[in-house]
Amino acid sequence: MALPIRQIAYFVPDVRVAAARHAALFGSGPYFVAEHIPLRKALYRGQESQLDHSSAYGQWGELMVEFVQQNKPGPSAFHDMYPEGSGSAGIHHAALFVDDLPSAIAAHQAAGREIALYAEMNDGFAFAMVDTVAEYGHMIELYSPTEVLTGFYAFVKTAAEGFDGTDAVRDIRFD
């Protein structure tokens with residue numbers, strides 16, 4: 001069963017700057033910025049963790065683009081690839097929809113891949129970052145296509161219809 005890439009994500013120092021630059025260069029967007037995305041649970045490589053991150057989400061043709069920044073220091077799936085304080089940035093992950101997140105996680109673990117991050121948002125939406133850096137040069141994000149998620153993807157894609165580059169970076173809030 002083929003699992004198409006739904007999103008490509010870049011780790012950056014400033015999601016607003018990166019989103020505006022990408023929109024100007026490639027005509028992608030508009031971008032919706034969620035600051036300090038609330039998580040009720042975060043496990044970094046199996047250990048309880050705190051992850052404070054912000055993301056900008058936009059459309060680039062048929063693909064969603066995410067720019068993500070980590071707001072507070074500390075170990076994370078982001079800093080695994082782009083060490084804290086290094087100023088490095090780049091592709092971090094490709095996101096896939098899976099029918100059953102726990103089964104997909106178990107399959108990756110059985111294949112010897114570590115789960116770099118497992119997180120749940122306050123509404124219970126769960127996602128995982130599989131460490132595939134040695135194999136593919138980036139991580140893979142997994143999540144189930146819930147109504148809330150597919151609705152958000154549709155919202156971003158619809159906003160891109162007729163986007164003329166103005167008001168390229170906008171605010172959105174996840175509770």
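Keep in mind that this is a model prediction, so the values were computed, not measured. Just so you know, these numbers use all the heavy atoms, side chains as well, and skip hydrogens, waters and symmetry mates.
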Do other residues, nucleotides or ligands put more than 12 heavy atoms under 6.0 Å from the CZ atom of Arg21?
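Open: at most 12 neighbouring heavy atoms sit under 6.0 Å from CZ of Arg21.
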I'd like to check [X] versus [Y] (side-chain heavy atoms, cut-off strictly below 4.5 Å). Are they in contact?
| X | Y | result |
| --- | --- | --- |
| Val148 | Phe174 | no |
| Arg16 | Asp171 | yes |
| Leu43 | Glu48 | yes |
| Asn71 | Ser54 | yes |
| Leu51 | Leu117 | yes |

Determine the minimum heavy-atom distance between [X] and [Y], stating which atoms define it.
| X | Y | result |
| --- | --- | --- |
| Met81 | Gly137 | CE-O, 3.5 Å |
| Ala104 | Leu142 | CB-CD1, 4.0 Å |
| Val169 | Ala20 | CG2-N, 3.8 Å |

Roughly how far, to the nearest 0.5 Å, is [atom2] of [Y] from [atom1] of [X]?
| X | Y | atom1 | atom2 | value |
| --- | --- | --- | --- | --- |
| Gln109 | Glu114 | CD | CD | 8.5 Å |
| Asp52 | Gln69 | CG | CD | 9.0 Å |
| Phe155 | Tyr57 | CZ | OH | 12.5 Å |
| Ile105 | Asp100 | CD1 | CG | 9.0 Å |
| His93 | Ile8 | NE2 | CD1 | 9.5 Å |
| Glu66 | Phe32 | CD | CZ | 14.5 Å |

Under 3.5 Å, is there a donor-acceptor pair between the side chain of [X] and the main chain of [Y]?
| X | Y | answer |
| --- | --- | --- |
| His138 | Ala9 | no |
| Ser28 | Gln59 | no |
| Glu84 | Gly74 | yes |
| Ser76 | His79 | yes |

Apply ring-ring contact (aromatic ring centres under 6.0 Å, His included) to His22 and list each qualifying residue two or more places apart in sequence or on a separate chain.
Phe26, Trp60, Phe67
What pairs of residues pass the salt bridge (Lys or Arg N to Asp or Glu O under 4.0 Å) test when at least one of them lies in residues 137-152, not counting sequence neighbours?
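The answer is none; no pair qualifies.
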Using 30° and 60° as the class limits, which term best fits the ring planes of Phe78 and Phe11: parallel, tilted or perpendicular?
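If you compare the ring of Phe78 with that of Phe11, the planes turn out parallel.
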Take Glu62 and Lys157 through the salt bridge (Lys or Arg N to Asp or Glu O under 4.0 Å) test and state the conclusion after the steps.
CA-CA 8 Å; Glu62 291 301 309; Lys157 188 172 185 176; 2.7 Å; yes
Determine, using the 4.5 Å side-chain heavy-atom cutoff (strictly less than), whether [X] and [Y] are members of one ILVMFWY cluster.
| X | Y | answer |
| --- | --- | --- |
| Leu39 | Met129 | yes |
| Val130 | Tyr44 | no |
| Phe152 | Phe97 | yes |
| Val17 | Tyr82 | no |
| Phe163 | Tyr153 | no |

How would you list, by chain and number, every residue that makes a side-chain hydrogen bond (donor to acceptor under 3.5 Å, both in side chains) with Thr158, sequence neighbours excluded?
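Thr158 satisfies side-chain hydrogen bond (donor to acceptor under 3.5 Å, both in side chains) with no residue once adjacent residues are dropped.
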My understanding is that only residues two or more places apart in sequence, or in another chain, count here; which of them pass side-chain hydrogen bond (donor to acceptor under 3.5 Å, both in side chains) with Asp131?
Arg45
From the list Leu3, Leu96, Val98, Ile5, side chain to side chain contact (heavy atoms under 4.5 Å, CB included) with Ile140 holds only for Leu96
Contacts of type salt bridge (charged side-chain N to carboxylate O under 4.0 Å, His left out), residue Asp14, not counting sequence neighbours:
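Salt bridge (charged side-chain N to carboxylate O under 4.0 Å, His left out) check on Asp14 returns nothing, list empty.
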Could you give all pairs that pass the side chain to side chain donor-acceptor pair (under 3.5 Å) test and reach residues 115-124, with sequence neighbours left out?
Arg40-Glu120, Tyr118-Glu120
Is a donor from one side chain sitting under 3.5 angstrom from an acceptor on the other, for Thr146 and Tyr143?
no
